[in-house]
Amino acid sequence: MDLHWPDNQKTLGDGWTLTQSEADAYAMPSDIPATLAPLPAPVPGTVAKALQQAGRFDPAHPDPLDGFDFWYRTTLNETPGPATLQFDG
């Protein structure tokens with residue numbers, strides 16, 4: 001298979017945040033109140049890694065995370081129009 005990547009290909013590894021909320025508290029990212037401050041999130045990475053970097057998770061004595069939702073968000077500052085989003089992994 002011959003794949004051609006456009007010259008303007010960009011990676012999305014920077015600028016991500018993670019917001020933690022109670023499970024099922026919000027249906028859409030726009031529903032999350034500003035009072036729930038986002039944390040910087042490494043991408044690629046895991047929820048546990050982002051929480052650990054913020055001092056909110058101890059991998060040696062982990063608290064369960066299954067009672068929460070975690071929202072990854074970033075801002076895309078691109079020209080409107082057709083685009084392809086590809087996930088490698």
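None of the values given here were measured: they were computed from a predicted structure.
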For residues 57-71, please give each side-chain donor-acceptor pair under 3.5 Å, one per line with the distance, not counting sequence neighbours.
| unit_1 | atom_1 | unit_2 | atom_2 | d |
| --- | --- | --- | --- | --- |
| D58 | OD1 | A60 | N | 3.0 |
| D69 | OD2 | D24 | N | 2.8 |
| W71 | NE1 | S21 | OG | 3.3 |

Pairing residues for D31 by the side-chain contact (heavy atoms from CB on, under 4.5 Å) criterion, not counting sequence neighbours: Y26, A27, M28

Pairwise salt bridge (charged side-chain N to carboxylate O under 4.0 Å, His left out) hits with a residue in residues 72-85, at least two apart: K10-E78

Identify all side-chain donor-acceptor contacts of residues 34-51 below 3.5 Å with residues at least two apart in sequence or on another chain.
| unit_1 | atom_1 | unit_2 | atom_2 | d |
| --- | --- | --- | --- | --- |
| T46 | OG1 | K49 | N | 3.0 |

Side chain to side chain donor-acceptor pair (under 3.5 Å) involving E22 - partner list, sequence neighbours excluded: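 Scan of E22 (side chain to side chain donor-acceptor pair (under 3.5 Å), adjacent residues dropped) gives none.
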
